[in-house]
Amino acid sequence: MRRVVVVGGSIAAVTAASWLRVRGFDGTITLLSAEKEQPYTRVPLSKTVLSGEATDASTALPPLDDSVVVRLGTRAVSLDTTARRVNVDNGDPVPYDGLVIATGGRARRLSPPGMSGERVLRTLADCVALREDLTRARTVLVVGAGLLGMEIASTCRTLGLEVTVVDREPPLRRVLGPVLAEVVTDAARKHGVSLRTVPGGVRLVGSRTLEGVDADGELLTADVVVSAVGDVPAVDWLTGSGLCLDRGVVTDSRGRVADHIVAAGDAAVVRGSGRRPHWTNAVEQARVAADALLGEDTSGASLPSYFWTNQFGVEVKVAGEPAGLGEPDQAEAAAGSMLLRWSGGAAATVNHTMPVRKLRQLASAP
Amino acid sequence: MTVSIELIPGRCEGHGVCEAIAPEVFQVDDDGMVHLLPGGDHEDATALAAARSCPVAALRATS
Ligand SMILES: Cc1cc2nc3c(=O)[nH]c(=O)nc-3n(C[C@H](O)[C@H](O)[C@H](O)COP(=O)(O)OP(=O)(O)OC[C@H]3O[C@@H](n4cnc5c(N)ncnc54)[C@H](O)[C@@H]3O)c2cc1C
Ligand code: SF4
C-alpha cells in the first residue's frame, strides 16, 4: 500500500492521517476536504464562537505535517472501488491503494428546497451566518432540544435574546436520560428559556421565505429560526459504490468497510452498535480504522464512550450511555455538583471536577 | 526545526483526549486540567497527533 486517500476534512480525517504516520506508514497521504478552511473544531461553534467570546481563528486545529497533501475545497462525488479511484468535483480522479472515509455529517434541514430563512449550525460558515443574524435579532426560536439546540439556546440567552425551544420530546431526554436531562432543563428554565414540547412535531411555514413554525396548529414566529434536528451522515457520494450504506457507511468493530477501505467518525455506523456522533468517538474510531488499514487489530481495549455538554452554567461529562438506564444507582451531590453512576455501565459528572480517564474507568467498573 | 507544544491559557476543559493518545506528554490531574509533563518529546508523531485531537483547540504546536 503506497497511496492512502482520506476523504473528509475534520477530526476523523485529521486523526486518521496523523495516526497512519504514527504507525510508520511512509507512503503518500492525500486528504480531500470539501471545506475551504483548514481543519477546525466544530465543538465551540455552538458555544464561545457563536457568542463572539472566541474568534473564528481559534477553532483551527494544529496543522498536519508537510508530508500530508491537504486538498481543500475538493469534494468527493463518487467512488469506483474496482478501479480504486475517488472522483472529485475539481480535477482528475484520485487513485488510492487504501481509502479512509471520514465525511462526517451535515445538518438536517426541515424546510423544503427553495425556502430561505432556516438557519442550521454545522460548519464555521453556518456559525458566522447565524451569529450575524443574531446581532439584529431580539427573539430566537430553536427547533430541536437535543445537545446542539440547547447549547444554541444557552448561548442566545447569554446574548440577551428571548429564546424559545420546541421539540416533540422533552429536552435532552434521548441523549442524557431523564435524571441528567432534568438537571440541565431546570437550569435552562432558570435562565429564562421558554421550553415547548409539541408531541405532534413541528412544520416550517412559508413559501419562498420562512414565516414561522407550526406547532400543533399554533404559529410560532421569531426574528431568527434555527433548526438543530440532527445530522445526516454525508455518504451520498457513496451511492452506487456498492458499499453497504444504512444511514451511514457500515463498518465492523475495526472500522473496516471493504477490502482496503475503512471509515470513522460521524459518517460511520458500526454493525451491532450503531452511530456515535461525538468528538471522542471520531478520534478513537479513526485510530482503530487507520490501524486496520495497516492490518493491525487494536479494537479490543476501548473504554466506554465519552461526551459532554456545556450550557446554562452546567457542565455535564458523560461516560457510557446512560439514556436507556433510568435512575442512577449511586449519586453523590455537593453544593451545585453531582457524581452519578449507573451499574449498567455509565457514569456522569455535573459541575464536578474529575479527570475524564477516571470517569470512564468508573463507568466500566463492575 | 524544533517543535514545541504549548497549552493556550484558559482553554483546556479537561476532556483528556490528548492524554488518552500520548500519556507520556499530557496528563490531566485531579484539578481536571492538562499538564505538559517535563521531558516529553514534542516532536514525536504521537504527541503531535494528540495535540491535533483537542476538541477545544487548546494545544498549539509551534516550530
Ligand atoms: C456546533 C457543534 C457542536 C458540537 N459540540 C460537541 C461537543 O461539545 N462534544 C462532542 O463530543 N461533540 C460535539 N459535536 C460533534 C462533533 O463535532 C462531531 O462528532 C465531529 O465533528 C465528527 O467528526 P467527523 O470528522 O467524523 O465529521 P465532521 O466533523 O462532520 O467532518 C466531516 C468533514 O468531511 C468533509 N466532507 C463531507 N463530505 C465530503 C465529500 N463528499 N468530499 C470531501 N469532503 C467531504 C466536510 O466538509 C468535513 O470537513 C458538535 C458538533 C457541532 C456541529
Ligand atoms: S484534549 Fe484539550 S481539553 Fe482535553 S485535556 Fe487535552 S488540552 Fe485539555
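Within every chain, numbering begins at 1; the chains are lettered A, B, ... in the order of the sequence lines, protein sequences first and strands thereafter. Here the structure is a predicted model, which is why all the values come from computation and not from measurement. Excluded from the calculations below are hydrogen atoms, water molecules and symmetry mates; all remaining heavy atoms, backbone and side chain alike, are included.
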Name the region of [X], side chain, backbone, both or neither, that has any atom closer than 4.5 Å to a heavy atom of chain B.
{"X": "A:Arg287", "value": "side chain"}
{"X": "A:Lys47", "value": "neither"}
{"X": "A:Tyr40", "value": "neither"}
{"X": "A:Asp65", "value": "both"}
{"X": "A:Pro39", "value": "neither"}
{"X": "A:Ala60", "value": "backbone"}

When A:Leu61, A:Asn310, A:Val22, A:Val14 are compared by non-hydrogen pairs under 4.5 Å with chain B, the top option: A:Val22
Heavy-atom pair count under 4.5 Å with chain B, highest-scoring of A:Val356, A:Thr59, A:Leu359: A:Val356
Which atom of A:Thr353 lies closest to which atom of B:Asp30, heavy atoms considered: CG2-O, 3.4 Å
Side chain to side chain contact (heavy atoms under 4.5 Å, CB included) partner of B:Arg52, the single match among A:Leu64, A:Thr15, A:Thr41, A:Ile11: A:Leu64
Residue part contacting chain A, namely of B:Ile21, when any heavy atom lies under 4.5 Å: both
Side chain, backbone, both or neither of B:Asp44 within contact of chain A (heavy atoms, under 4.5 Å): neither
Working for side chain to side chain contact (heavy atoms under 4.5 Å, CB included), residues A:Tyr306 and B:Val17: CA-CA 10 Å; A:Tyr306 166 70; B:Val17 190; 5.6 Å; no
Heavy-atom donor-acceptor pair, A:Arg357 side chain to B:Glu19 backbone, under 3.5 Å: no
B:Asp31, CG: over 12 other non-hydrogen atoms inside 6.0 angstrom: yes
A:Arg21 and B:Leu48: CA distance, side-chain angles, deciding distance, side chain to side chain contact (heavy atoms under 4.5 Å, CB included) verdict: CA-CA 10 Å; A:Arg21 291 290 186 237; B:Leu48 288 163; over 6 Å; no
Interatomic spacing from CZ in B:Arg11 to OG1 in A:Thr48 - rounded to 0.5 Å: 8.0 Å
Rounded distance (nearest 0.5 Å) linking atom OG1 of A:Thr280 with atom NE2 of B:His15: 8.0 Å
